[in-house]
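Below: the structure, in structure tokens.
Each chain gets a letter, A, B and so on, in the order the sequences are listed, and its residues count up from 1. Note that this is a predicted model, so its numbers are computed, not measured.
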Number of protein chains: 2
Amino acid sequence: MSQPNLDRRLEHLTTTAKEAGVKLTHQRLEIFREIVLSAEHPDAETIFRAVQKRVPTVSLDTVYRTLWKLHDLGLVTTLGPQRDRVRFDANLDPHHHYICVQCGLVRDFESSELDGLRLPEAVSQLGTIMNAHVEVRGLCSRCQQRLPTQTPNSNQQSQSVP
Amino acid sequence: MSQPNLDRRLEHLTTTAKEAGVKLTHQRLEIFREIVLSAEHPDAETIFRAVQKRVPTVSLDTVYRTLWKLHDLGLVTTLGPQRDRVRFDANLDPHHHYICVQCGLVRDFESSELDGLRLPEAVSQLGTIMNAHVEVRGLCSRCQQRLPTQTPNSNQQSQSVP
DNA sequence: TCCTACTTGCGTATGATACGCAACAAGGAA
DNA sequence: TTCCTTGTTGCGTATCATACGCAAGTAGGA
């Protein structure tokens, strides 16, 4: 990520934090910088080690809490099923996934149109391609109903991609 | 899943197991049935509880081992990053993921063509749609090089979708 | 500069997952 | 059918990621 881009992200962080009444501590800044600058989708442990070099007293727990805080603020997202364990799938036919961000429900759906996706050139330069599928995230109808007359905020993010 | 479909899957299991010299124990049969019959992409714990009703002495550990065994045989796949912790992603722009099944490396790639995916009707009946992205799995070039002159077998599966 | 609510770090708890080992059973051989 | 051999199971326990409670600390508005 380029410097002006980083600056823009940091500005966004500042604004969002202020709006939410969240304090911008040294630790949080460093953790955010680390994840923004990384192209690796690092996990908490990795971020911890990186940040530790510049803030030796930071604790792993703070990294975890900060990451979920950033997540709640909509500043980062997670890969794969949320806060969840590995799940197994016996469906070997081509299919795609719908994942509820609230309860973790996963449903398959089929689409011959999507099965035949044409991937950009760039992808094949990363390595071999074993398969490709679409992952859709949203709030399942059951969870929608359960939500009282509550502001569609607090814990679900409403931004873009995983 | 329908009965004839289940039968077909069980037959496939039998064949594959025999070829691999893997024994078909009562436990394994029940665990496989359970996961094949479920539309929920259950995790190990869930499968364990279900199987336990019919095989009270089964252990959770056996469920784990069986699931990974089935996985190694190419009979089931996992959702999201493999055998891995949750990973964080700071990239909020529309993008897609390339995931190495060997080392867990994740790379983003962009494609305006893929960004504008048209999802089938059926999906919107499952719930709201917050976002959709493509997940590609394969063996990254680095892992390809590392692999000695080894049969492309053992631990990577080469079948279809997550 | 002062206050106060939000944060941090630490110790520890929890929860998922895996490993070693001895008892055990699948399934081919006799 | 009975007998072996080898892969499996269950158990106890280890490991690893992640989260929580609390007292000390600090950001940032008054």
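Residue A:R28 places none of its side-chain N or O atoms closer than 4.0 Å to OP1 or OP2 of C:dC6. Between A:T62 and C:dG9, a side-chain N or O to OP1/OP2 separation shorter than 4.0 Å is present. Contact between the side-chain N/O atoms of A:T57 and the OP1/OP2 oxygens of C:dG9 is found at a separation under 4.0 Å. A close approach under 4.0 Å does occur between a side-chain nitrogen or oxygen of A:W68 and OP1 or OP2 of D:dA19.
Remark: the B:R65 side chain and the D:dG7 base include no donor-acceptor N/O pair separated by less than 3.5 Å.
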Does the ring pair (Phe, Tyr, Trp, His ring centres under 6.0 Å) test come out yes or no for A:H97 and A:H133, once each step is laid out?
-> CA-CA 8 Å; A:H97 290 132; A:H133 77 288; 5.0 Å; yes

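Transitive grouping of hydrophobic side chains (ILVMFWY, heavy atoms separated by less than 4.5 Å) brings A:L75 and A:V63 into a common cluster.
For the helix from C:dT1-D:dA30 to C:dA30-D:dT1, the end axes, each set by the C1' atoms of five terminal pairs, are bent relative to each other by 30° (nearest 10°).
The NE2 atom of B:H26 sits 15 Å away from the C1' atom of D:dG10 (whole-angstrom rounding). A straight line from CG of A:D72 to P of C:dT7 spans 11 Å, rounded to a whole angstrom. A:K69 has its NZ atom 13 Å from the P atom of D:dA19, to the nearest Å. The interatomic distance linking A:F48 (CZ) with D:dC16 (P) rounds to 15 Å, in whole Å. In this structure, B:L70 atom CG and D:dT8 atom P are separated by 11 Å, rounded to whole Å. The distance between atom CG of A:D43 and atom P of D:dA17, rounded to the nearest whole Å, is 8 Å. Separating the CD atom of B:E19 from the P atom of C:dG27 is a distance of 15 Å, rounded to the nearest angstrom. Between the CD atom of B:Q27 and the P atom of C:dA25 there is a distance of 9 Å, given to the nearest Å.
Side-chain contact check for A:I129 versus A:N131: every heavy-atom pair is 4.5 Å or farther apart. Residues A:I99 and A:V136 fail the side-chain proximity criterion, which asks for heavy atoms closer than 4.5 Å. Proximity of A:L117 to B:L117: side-chain heavy atoms (C-beta onward) are separated by under 4.5 Å at one or more points.
Using a cutoff of 4.0 Å between basic side-chain nitrogens and carboxylate oxygens, A:R137 and A:E135 are scored as salt-bridged.
Formation of a donor-acceptor pair under 3.5 Å by the B:H95 side chain with backbone atoms of B:D93 is found in this model. Put simply, the side chain of B:T46 never gets that close to the backbone of B:P42: no donor and acceptor are under 3.5 Å apart.
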For nucleotides 28-30 of chain D, tabulate all protein N/O to nucleotide N/O atom pairs closer than 3.5 Å, reporting atom names and distance.
{"residue": "D:dG28", "atom": "OP1", "partner": "A:L24", "partner atom": "N", "Å": "3.0"}

Between the protein and nucleotides 12-14 of chain D, list every N/O to N/O distance that falls short of 3.5 Å.
none

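Contacts classified as side chain to side chain donor-acceptor pair (under 3.5 Å) and involving residues 117-129 of chain A (residues at least two apart or in different chains) are given here: A:R118-B:E113.
Closest approach of B:Y98 and B:G138 over heavy atoms only: OH-C, 3.4 Å.
For B:F109, the ring-ring contact (aromatic ring centres under 6.0 Å, His included) test picks out B:H96, with sequence neighbours left out.
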Quiz: residues 21-33 of chain A side-chain donor-acceptor pairs under 3.5 angstrom, not counting sequence neighbours:
{"residue": "A:T25", "atom": "OG1", "partner": "A:R28", "partner atom": "N", "Å": "3.3"}
{"residue": "A:R28", "atom": "NH1", "partner": "A:K23", "partner atom": "O", "Å": "2.9"}
{"residue": "A:E30", "atom": "OE1", "partner": "A:R54", "partner atom": "NH1", "Å": "2.3"}

